[in-house]
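What follows is a set of notes on a single structure, which appears directly below.
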Amino acid sequence: MTDFDPKKLNKNWTIEDSISKYGIDKWGEKYFSINSDGNISISPNRRSKKKVDLFKLVKEFKTREINTPLIIRFNDILKDRITELNNAFSKAIETYDYKNIYQGVFPIKCNQQKNILEKIIEYGDRWNFGLEVGSKSELLIGLSILENQKSLLICNGYKDKNYIEIAILARKLGKQPIIVIEQRDEVQRIIEAVKDLKATPILGIRSKLSSKSSGRWGKSVGDNSKFGLSIPEIMVTIKELKEANLINEMMLLHFHVGSQISDISVIKDALQEASQIFVELSKLGAPMKYIDVGGGLGIDFDGTKTSSNTSTNYSLQNYANDVIATVKDSCEVNNIQHPIIISESGRAIISHCSVLIFNILGTSHVSSQVKISDQKKQSLIITNLIETLNQLKNLRDKKRDLSEIIELWNDAKKFKEDCLVAFRLGFICLEERAYAEELTWTCAKEIANQLENEEIIHPDLSEITDTLASTYYANLSVFKSIPDTWAINQVFPIIPIHRHLEEPFCKGNFADLTCDSDGKLNNFIDNGKIKSLLNLHPPEKNNDYLIGIFMAGAYQEALGNFHNLFGNTNVIHIDINEDNSYKIKNIIKENSKSEILELLDYSSDNLVESIRVNTESAINNKTLTIQEARKLIDQIETSLRKSSYLSE
Ligand SMILES: *Cc1c(COP(=O)(O)O)cnc(C)c1O
C-alpha cells in the first residue's frame, strides 16, 4: 500500500500489540495464541504445552496441493470441548450434591458431517453422550452411528407416522430413542403407531415457556413460538396419554429457548419455569426421569464477557451450576427424585474446533497520491480543490487546530459534490472528474496523516477512514463458507494467521468471489468492539496473505449454499501430536466444478460435447483454428476437474 505515510509506522509493534488489537486472549479460550514467529498457534486444550503453528500447517497443505480456502478441524479441541462440558456438569453435581447424572446429547443439525459425529460419539462415549435429531434424515444418521446402548437419541422436530414408527422400532434394537412430542397432532399418531406395532416408545414433551428470552432467537420462546406445547395443550396430552395407557412412558420434559443465549438471567428464568412444569408433570402421574434443557449455551465470540449478542455474561461452569441448582431446588421443595439432566449444546461443542482459512487475491483502494498539474486552463472546481489541498499541507508543521481541518475537509467534500453536478450537466469531462476525485482523496489522506486515530473518529471526519479503507479480495464465498455473516450479521473473530510481528496499519474489509454485493465481510472485533474495518497488513508480492475465521464450526457448513456455484472447500481433520507435530486424520476434498454442475443436473460430458460441436462449426466457418479448438476443449476439461475457487 504505497500511499501510507511510513512516518506513522510503529516499528516497535509486538506480538502483545497484536494480541490486544485482535483480542485473541479474550475470545480464544486459550486454544489460540500467537507464537514468537508472529503466527497463530493452536493448542489442544488450556493445560497443554503442545502447540501447532497454523500458518506453517497451511503452507504444508499447499505443498500437498490442498489449497485455500479450506477448513481445518482440530479433533483435540473438539475432544476438549466435550470434556469441559461434561466436567462442568460433574463439578456442579458435586458442588450441589445433586443426586443424579448429566447425560448430554449433540444436536446433529449444528454440523452433520460424518467425521465430526463419529468423533463426538468416540470422545463422548465415557459419559454415554448421545445425539439429538430434528428430522427423519438426521434420525437415520443417529440410528446408524450411535452404537452405545446407554446413549440417548432425542427425537425432535416434526414427526409423521414413518418417523414415529422408526423411532419406536429402534428401541427393539436396544437403542434409546426418546420421542419428544412437539405438536399436538403427534399424540394421535404415536398412539396409533403403538397400537399397530405393539411396542412402546419412551416419550417426552416439549413445553413452550413464557419466560422472556433475549438476543436474536428471543422470539423462539413464548406463547407463539414455533415448537412445543402450551400449558393447556400439555394438560390435554397428559389426559390422552393416560387414556391410551401410555402415561408410564412419559419421562422427559424438554424446552429450548433459542441459540446463543447471551444473558444468564434468561436461562435462569427458563430453568425455573421448566423445573416447575417438570414437578407438575410428576404430580400428574408421569414417571418423570429426564429434564432436557435444550441448546442455547452461548460462546464468547467477541471476548467481552457481556450480554451483547456476540458474547455471554456467564461461563460454562456458571451455566452448569445454574442448571443443576435450579432443578435441584424445585425437586427438593416438592420431594421429587432428581432427574437425569440432558443438554443439547451444539454451538458450544462444535464452534471452536473449526478454523476457516482463505487467501487474499488482491486489494483495491482509492488513489490518494495525485500529482498536481500546473495547467493554466482548468475549471474552477479543480482550482478550488488544489487550493484546499495546499491549505491542508500548510497546516503540517503548525500547532494543530481540529476545527480548521474540519472546515477544509467540508470544503473538499463540497467541491467534490459540485464536480459531480458539473459532470452530470456536461461542464467537465471524465478526465477532470477523475482528477477532482483524486484530489479529494489526497485531501483525506493528508488529514489522516496529520491526525491521530482518535481524532479521525470525530463525526465530521469519520468518513475519512472509510474513504481511505482498502477492499481485500478474498478467495472465498461468504454464502458457502460463512453464511451467517450475511444472513444474520453474525460476528466471528477474523484475523491474519501470520505477520503479527508487523503493525497491521491498513484498514480494510473483505469482498468475496461472488457477484453479489452482499458477499462481503465487514464486522470485526477490534479491542473488544465491533468495527466495520479491520487492521490488516499490505499484501506482499509472491507471498500469500492468509486470513483465518475462527469459531466457525457450528451451522455454517450446513447452511452454506452454492451461490455463483462456489462449492465445498477442502476440509482437513488434524490430531496434534506430543512433539508439536500433527497428523492428518481425514481429508475431505473440495468440490470440483463438474461435481457442482452435476448437482444441478448438468452432465460434464454433455457440456463438453456441446461446446465441441460449436467449435466444429467455428472451424468450418474459419473463425477458429483446429489448434485453438483443441486448446479451448483442453482448458474446459481441465477446469471441470478442478476447484471452483481461484488458484495461483
Ligand atoms: C438448534 C437446536 C439446538 C442447538 O442449539 P445450540 O444453541 O446450538 O446449542 C438444541 N436443541 C434444539 C431443539 C434445537 O433446535
Side-chain angles (χ1 to χ4, degrees), residues 29-31 45-47 77-107 110 120 123-132 151-152 154 209 211 213-215 252-276 278 289-301 305-307 311-332 337-353 551 554:
E29 293 272 353
K30 308 283 188 291
Y31 297 121
N45 58 56
R46 65 186 79 222
R47 297 161 301 280
I77 295 183
L78 177 57
K79 185 175 183 181
D80 190 58
R81 292 302 293 174
I82 294 176
T83 308
E84 297 249 299
L85 177 66
N86 282 285
N87 285 350
F89 273 100
S90 304
K91 201 166 160 203
I93 284 170
E94 209 183 299
T95 309
Y96 293 94
D97 193 22
Y98 190 80
K99 297 283 188 304
N100 213 328
I101 56 167
Y102 165 75
Q103 206 188 339
V105 293
F106 178 76
C110 266
I120 290 174
Y123 300 144
D125 196 56
R126 291 169 55 189
W127 299 282
N128 301 323
F129 214 73
L131 294 172
E132 183 262 0
S151 297
L152 302 171
I154 304 287
L209 298 183
S211 310
S213 187
S214 66
L252 176 145
L253 174 72
H254 169 48
F255 67 93
H256 173 68
V257 283
S259 202
Q260 182 65 20
I261 304 295
S262 305
D263 190 346
I264 188 83
S265 70
V266 170
I267 295 172
K268 284 187 202 220
D269 286 352
L271 277 165
Q272 264 179 352
E273 187 184 350
S275 301
Q276 226 43 53
F278 182 88
K289 185 175 168 195
Y290 305 97
I291 186 162
D292 173 355
V293 301
L297 173 54
I299 59 173
D300 195 0
F301 287 102
K305 301 194 167 45
T306 60
S307 60
S311 185
T312 58
N313 64 0
Y314 58 91
S315 67
L316 183 53
Q317 192 61 56
N318 296 148
Y319 175 80
N321 288 352
D322 276 344
V323 172
I324 297 291
T326 314
V327 175
K328 181 183 167 176
D329 277 354
S330 299
C331 292
E332 304 267 276
Q337 274 195 359
H338 299 176
I340 292 175
I341 306 269
I342 302 166
S343 83
E344 305 174 344
S345 309
R347 189 188 297 274
I349 287 180
I350 198 69
S351 290
H352 299 77
C353 67
M551 308 214 272

Short question: side chain of Ser151, backbone of Phe129 - any donor-acceptor pair under 3.5 Å?
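Yes, the answer is positive, given that a donor and an acceptor are paired below the 3.5 Å cut-off.
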With a 4.5 Å limit on heavy-atom distance, are the side chains of [X] and [Y] in contact?
X      : Y      : result
Asn128 : Ile101 : no
Leu271 : Phe255 : yes
Asn100 : Ile341 : no
Arg81  : Cys353 : no
Ile349 : Tyr123 : no
Ile120 : Ile350 : yes
Tyr290 : Leu152 : yes
Phe278 : Ser330 : no

Worked check of side chain to side chain contact (heavy atoms under 4.5 Å, CB included) between Ile324 and Tyr102:
CA-CA 9 Å; Ile324 297 291; Tyr102 165 75; 5.6 Å; no
Check whether more than 12 heavy atoms from other residues, nucleotides or ligands sit under 6.0 Å from atom CD of Gln337, and answer yes or no.
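Not buried by this count: 12 neighbours or fewer within 6.0 Å.
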Atom NZ of Lys79 with >12 non-hydrogen neighbours under 6.0 angstrom:
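Atom NZ in Lys79 is not crowded, with 12 or fewer foreign heavy atoms closer than 6.0 Å.
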If you round to the nearest 0.5 Å, how far is [atom2] of [Y] from [atom1] of [X]?
X      : Y      : atom1 : atom2 : result
Arg347 : Ile299 : CZ    : CD1   : 6.5 Å
Leu253 : Ile291 : CG    : CD1   : 5.0 Å
Ile77  : Lys30  : CD1   : NZ    : 13.5 Å
Ser343 : Gln103 : OG    : CD    : 11.0 Å
Asn318 : Ile264 : CG    : CD1   : 6.0 Å

Can you tell me which residue among Val293, Val105, Leu297 is in a side chain to side chain contact (heavy atoms under 4.5 Å, CB included) with Ser345?
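Of Val293, Val105, Leu297, side chain to side chain contact (heavy atoms under 4.5 Å, CB included) with Ser345 is met by Leu297 alone.
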Only counting residues at least two apart or in another chain, list the ones meeting side-chain hydrogen bond (donor to acceptor under 3.5 Å, both in side chains) with [X].
X      : value
Glu273 : Ser211
Asn45  : none
Tyr96  : none
Glu29  : Arg46

Stepwise side chain to side chain donor-acceptor pair (under 3.5 Å) check, Thr312 with Asp300:
CA-CA 5 Å; Thr312 58; Asp300 195 0; 5.1 Å; no
With Lys91, which residues qualify under salt bridge (Lys or Arg N to Asp or Glu O under 4.0 Å), at least two apart?
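None.
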Taking the inter-plane angle between the rings of Tyr98 and His338 on a 0 to 90° scale, is it parallel (under 30°), tilted (30 to 60°) or perpendicular (over 60°)?
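Taking His338 first and then Tyr98, their aromatic rings lie parallel (interplane angle under 30°).
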Which residues pass the ring pair (Phe, Tyr, Trp, His ring centres under 6.0 Å) test with Tyr31, not counting sequence neighbours?
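Partners of Tyr31 under the ring pair (Phe, Tyr, Trp, His ring centres under 6.0 Å) test: His352.
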